[in-house]
Amino acid sequence: MSQHQIPSYLTPHGIGPWGVYLEQIDRVTPHLGALARWVETLKRPKRALIVDVPIERDDGTIAHFEGYRVQHNTSRGPGKGGVRFHQDVTLSEVMALSAWMTIKNAAVNVPYGGAKGGIRVDPKTLSQGELQRMTRRYTSEINIIIGPNKDIPAPDVNTNEKVMAWMMDTYSMNLGSTASGVVTGKPISLGGSLGRHEATGRGVFVVGCEAAAKKGISIQGARVAVQGFGNVGGIAARLFSEAGAKVVAVQDHMGTVVRESGIDVTALQAHVAQHGSVVGFTGAEAVQDRAQFWGVDCDILVPAALEQQITPDNAGQIKARIILEGANGPTTPAADDILHDKGVLVVPDVIANAGGVTVSYFEWVQDFSSFFWTEDEINQRLTRIMREAFASVWQLAEEKKVSLRTAAFIVACTRVLQAREMRGLYP
Ligand code: GLU
């Protein structure tokens, strides 16, 4: 457990995501040398905005939602990170997600700080009109702290290109001119980037191939289990299966399906597009007990849903040799220790899922220059950045005999705190 005093209002259940993040920082601190003097910087978000988001519902009633935008750190550049719409969003969660963005952006060396936003809402309960009004009001409320040079939102859980279009339009209307660089993950026709939609899943796949090579596992025939079948898990599953791997289990928020000989991922994607979940898919066997997913016999496990999924309660059952963290914060520090003892290679979120923000960076650069790249150029640059980030973190982990997570945090925290030190304190 972290020795930090965590205010109770931030952590109604256990140490919460922010507590997990603080513990990760404690683990890296002994490796930071003289820069450790600045480490407290990483334990305090620079700025956190809590906003009330009222909307008129279609039936004439008024609903209020709580929204957040947290800018964890801006030492290396503007804030950057997604916006999540989910019924379980809390300030603790958004703080942790913003901090993981700081670490991620520094780990892959894109010139951003870290930020994140969210609204506590189940978007499935809203009509399209209500969703648009909520998105626009939220954007107006956080308008004072976002901007192409200040803080650039992007999609995250339950947000997409359409939500980004509304955010871009709202910000631009308030400004009086079109500012396409205020968000990334936009539709292509509004200055979005080719390859952005697939980028997070593609990045997971790229580092998955690197990790498999280190472990002597051939992707051809490798058994892959995926939790979360959205923009990250669904696309990673498709790329693994196209490369010859067998996707043997998929779990989403509604159910779990397994098939030892490999699930037809394209057919499952079509089913999910039509029915909203893997439930009822006839091309695989349904498993009723959700917890059984963790014990599935597989080589590569990809948690690509929400945080704090792999805990001491299930880490012992995991048979996979590699875990690729498509989600942010899916593994708790105590579970990390169990996996480490079992010899499971955990490729941490801040590397594994950094493909999304990497192509967000490409989108932002393209918007500034109004000059757009081909999809091949984007995928090649993405692949290069992901491979290099994985290789340098791997090398450091070997040198220091630490986990890939600690190595990634050493690389990232060193970059952030060096920038912090060089900039100095103002005033
Ligand atoms: N939401 C994504 C993440 O967690 C992407 C953020 C971005 O592109 O700014 O990394």
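Every number for a ligand or one of its atoms is a count from 1 in the order of the listing.
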Stepwise, does the side chain to side chain contact (heavy atoms under 4.5 Å, CB included) test hold for H72 with M101? CA-CA 8 Å; H72 174 260; M101 288 308 305; over 6 Å; no
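In this structure, D252 contributes its side chain and V278 its backbone to a donor-acceptor pair below 3.5 Å. Panel note: side chain E198, backbone I235; no donor-acceptor pair is recorded below 3.5 Å.
Between V108 and A389 the shortest heavy-atom distance is CG1-CB, 3.8 Å.
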Would you tabulate the polar-atom pairs, meaning N/O of ligand 1 against N/O of the protein, with distances under 3.5 Å, reported to 0.1 Å?
| from | atom 1 | to | atom 2 | distance (Å) |
| --- | --- | --- | --- | --- |
| ligand 1 | 1 (N) | P155 | O | 2.9 |
| ligand 1 | 1 (N) | D156 | OD1 | 2.8 |
| ligand 1 | 4 (O) | K104 | NZ | 3.1 |
| ligand 1 | 4 (O) | K116 | NZ | 3.0 |
| ligand 1 | 4 (O) | D156 | OD1 | 3.4 |
| ligand 1 | 4 (O) | N328 | ND2 | 3.0 |
| ligand 1 | 8 (O) | R196 | NH2 | 3.1 |
| ligand 1 | 8 (O) | S360 | OG | 2.5 |
| ligand 1 | 9 (O) | K80 | NZ | 2.7 |
| ligand 1 | 10 (O) | K104 | NZ | 2.6 |

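Contact check on E210 versus K214 returns no salt bridge, with no Lys/Arg side-chain nitrogen under 4.0 Å from an Asp/Glu carboxylate oxygen.
We find the NZ-CG distance between K150 and N143 to be 7.5 Å, quoted to the nearest 0.5 Å.
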